[in-house]
Protein chains: 2
Amino acid sequence: MKCRKCGGSAALELRRHNAAFCSPHFVEFFKKQVAEAIHKHRMFTRDEPVLVAVSGGKDSLALWDVLIEDGYRTAGLYLDLGIFDYSQESRARCEAFASARGQKLHVERVAEAVGAPIPEVQKVTRRPTCSACGLSKRYLMNRAALEHGYAAVATGHNLDDEAATLLGSVLHWQTEALPRQSPALASTHAKLARRVKPLYRLSEFETAAYAFLRRIDYIVDECPFAKGATSLAHKDLLNRLEEVSPGAKHNFLFGFLDKARAAFERLEDVQLRECSACGQVTTGEICAFCKLADQVKRRTGPSSAAAGMVE
Amino acid sequence: MKCRKCGGSAALELRRHNAAFCSPHFVEFFKKQVAEAIHKHRMFTRDEPVLVAVSGGKDSLALWDVLIEDGYRTAGLYLDLGIFDYSQESRARCEAFASARGQKLHVERVAEAVGAPIPEVQKVTRRPTCSACGLSKRYLMNRAALEHGYAAVATGHNLDDEAATLLGSVLHWQTEALPRQSPALASTHAKLARRVKPLYRLSEFETAAYAFLRRIDYIVDECPFAKGATSLAHKDLLNRLEEVSPGAKHNFLFGFLDKARAAFERLEDVQLRECSACGQVTTGEICAFCKLADQVKRRTGPSSAAAGMVE
């Protein structure tokens with residue numbers, strides 16, 4: 001195999017692009033895909049400060065690396081979920097990454113905001129772990145962006161993540177989730193930061209290769225709660241499809257964005273208001289995060305034993 | 001396991017319905033599902049003659065059996081695809097089924113209409129076999145219904161078939177195919193028969209069980225050309241999903257029909273006209289079947305050698 005760009009010996013093959021690249025030209029290809037994503041969806045300009053949500057994994061650190069390399073104004077946001085060693089190790093990677101590059105890293109403890117670390121939240125609510133965790137992360141990312149004045153929150157979601165989420169939404173025809181599946185969600189309220197996914201054009205394999213070639217020290221382990229998650233089952237299905245027809249994931253996600261997403265966009269806008277408890281954006285009276293935090297407080301607080309753990 | 005209806009020993013379990021049935025009550029359940037499909041989508045009345053497209057397989061013969069049992073006015077249509085022993089054996093099953101029940105069976109040879117049997121059609125066209133075959137079958141089913149005065153053509157497509165077709169359409173976001181995926185397609189032109197799928201609520205396992213319990217002698221072999229077909233790969237994926245979450249196929253298909261299909265319905269109707277060659281319905285000047293037949297004729301006819309097989 002030869003590099004598509006220079007004809008030199010290729011380091012890796014991208015079957016869905018019917019192409020192979022040497023290491024330097026793969027890194028160039030990767031950066032171009034990110035640049036195209038940012039440009040096509042007007043994610044942010046070079047003048048706008050961007051908050052990069054980093055987990056310590058390959059995707060988010062690769063994203064932060066590309067944005068720094070490309071001269072964007074970035075800072076990191078690490079949300080400490082309180083998941084035992086996993087959280088300690090991933091936080092250490094983020095801190096080392098930031099300090100080696102002289103970048104600011106905001107750190108927030110989920111336990112402080114929601115009342116307990118994620119493993120305990122899991123125990124006291126009947127929600128699936130990933131659901132309460134995802135809700136908390138989205139809430140805290142947005143709040144941090146507003147508090148510190150960032151125009152956009154960028155997350156490391158890659159093509160595999162997005163295709164798996166889409167498959168999940170489609171298998172249940174979650175018509176409310178479908179129009180929100182997008183590489184860029186505009187701010188539709190003064191208290192809602194833009195949300196962007198500059199890696200949506202790149203596969204998990206490609207972000208891993210980029211992180212490896214750029215010698216990024218990331219945490220390889222998956223979150224211990226991810227085991228058995230439906231999103232992993234959906235990734236597995238899509239990988240099987242990809243194996244027999246390279247490009248299947250890409251076509252599924254991009255076909256949706258190009259041809260089908262508009263069909264699900266609501267004719268009437270959702271009415272956004274401010275949560276009467278915390279002031280963040282919600283569609284109801286009290287936002288879902290405050291409800292979760294309240295539930296956690298009542299069940300883990302000093303009076304919970306006396307109250308017989310009744311909700 | 002006990003039968004949900006009578007408490008007797010259950011013969012089979014339907015995990016997605018969280019139910020089990022003894023043999024007689026399963027047959028009753030099966031018939032009820034067909035009745036509900038016919039009623040809900042107003043497929044046909046007891047006064048309207050229905051043409052049941054039969055292949056000799058379990059699904060279409062099970063369908064014909066239920067309709068006869070339920071007192072509908074039916075006749076069968078067997079399309080002889082000319083696929084070696086497979087076609088001979090499947091035709092024999094259809095003829096035996098019809099004569100044992102004193103029902104009329106129309107037989108049409110695809111080779112006569114399209115100019116060559118399916119294995120030869122495959123060789124002379126660049127289309128995938130299933131594509132040319134499906135096109136020919138849909139054309140001939142409709143033509144036969146019109147010629148013989150049947151109000152509707154009923155096919156044996158089951159839940160697995162429909163879910164697999166939907167998955168294929170969704171993976172490529174075939175926005176033209178999606179609105180046409182329905183258990184009942186109304187006649188939108190005087191030369192277009194209604195097309196209905198009364199088994200769409202029943203899984204492949206359930207039609208096999210019904211055919212077995214009713215002692216229907218059907219051909220077990222798959223069409224020899226089906227091997228490697230994408231529809232089988234999609235069925236396989238859906239079966240994996242079904243295994244971990246029973247009801248996944250059902251929710252995927254029914255969720256689409258209930259919540260998403262309308263989003264894809266075109267605002268403007270497709271303009272139907274009559275093919276200038278055969279008079280059947282088409283959206284263009286010459287219908288796809290006539291184009292296929294013409295291609296087959298030119299490539300297999302006596303002058304094709306002299307003409308150097310040029311298209």
Side-chain angles (χ1 to χ4, degrees), chain A residues 16 128 130-131 159-160 162-182 226-268, chain B residues 16 128 130 159-160 162-183 226-268:
Chain A
R16 87 194 144 92
C130 298
S131 152
L159 175 58
D160 294 52
E162 293 297 282
T165 302
L166 178 59
L167 183 59
S169 301
V170 157
L171 286 173
H172 299 96
W173 293 101
Q174 290 161 334
T175 48
E176 301 212 342
L178 286 165
R180 281 190 278 125
Q181 169 124 17
S182 171
K227 213 181 161 184
T230 22
S231 59
L232 292 186
H234 294 157
K235 278 190 178 178
D236 187 49
L237 285 188
L238 289 167
N239 284 337
R240 285 169 196 277
L241 278 175
E242 185 76 21
E243 236 170 75
V244 286
S245 51
K249 274 180 234 177
H250 178 106
N251 294 339
F252 177 51
L253 179 64
F254 283 58
F256 171 76
L257 296 174
D258 292 345
K259 295 187 285 179
R261 185 174 169 273
F264 294 103
E265 279 186 326
R266 289 188 183 193
L267 294 176
E268 37 177 358
Chain B
R16 87 193 144 92
C130 297
L159 176 57
D160 294 52
E162 293 297 282
T165 301
L166 177 59
L167 183 60
S169 300
V170 157
L171 287 172
H172 299 95
W173 293 102
Q174 290 161 335
T175 47
E176 302 212 340
L178 285 166
R180 281 190 279 124
Q181 169 124 18
S182 172
K227 213 182 163 183
T230 22
S231 60
L232 291 187
H234 294 157
K235 278 190 179 179
D236 187 49
L237 285 188
L238 289 168
N239 284 337
R240 284 169 197 276
L241 278 175
E242 186 75 21
E243 235 170 75
V244 286
S245 49
K249 274 180 232 176
H250 179 106
N251 294 338
F252 177 50
L253 179 64
F254 283 58
F256 172 76
L257 296 175
D258 292 344
K259 295 188 284 180
R261 185 174 170 272
F264 294 103
E265 279 188 325
R266 290 185 181 195
L267 294 175
E268 37 178 357

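Protein chains get the first letters and strands the later ones, always in sequence-line order, with residue 1 at the start of each.
- Looking at B:L178, neither its backbone nor its side chain comes within 4.5 Å of chain A, counting heavy atoms on both sides.
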Inset, instruction - Could you check B:F252 against A:V170 for side-chain contact (heavy atoms from CB on, under 4.5 Å), going step by step and ending with a plain yes or no? - result: CA-CA 7 Å; B:F252 177 50; A:V170 157; 3.7 Å; yes
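- Residue contact with chain B, scored on non-hydrogen atoms closer than 4.5 Å, involves the side chain of A:L166 exclusively.
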Considering only heavy-atom distances, could you tabulate the donor-acceptor pairs under 3.5 Å between chain A and chain B?
{"residue": "A:H172", "atom": "O", "partner": "B:K259", "partner atom": "NZ", "Å": "3.2"}
{"residue": "A:W173", "atom": "O", "partner": "B:K259", "partner atom": "NZ", "Å": "3.1"}
{"residue": "A:W173", "atom": "NE1", "partner": "B:F252", "partner atom": "O", "Å": "2.9"}
{"residue": "A:F252", "atom": "O", "partner": "B:W173", "partner atom": "NE1", "Å": "2.9"}
{"residue": "A:K259", "atom": "NZ", "partner": "B:H172", "partner atom": "O", "Å": "3.2"}
{"residue": "A:K259", "atom": "NZ", "partner": "B:W173", "partner atom": "O", "Å": "3.1"}

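- The candidate from A:L171, A:L241, A:V244, A:L238 with the greatest count of non-hydrogen atom pairs under 4.5 Å with chain B is A:L171.
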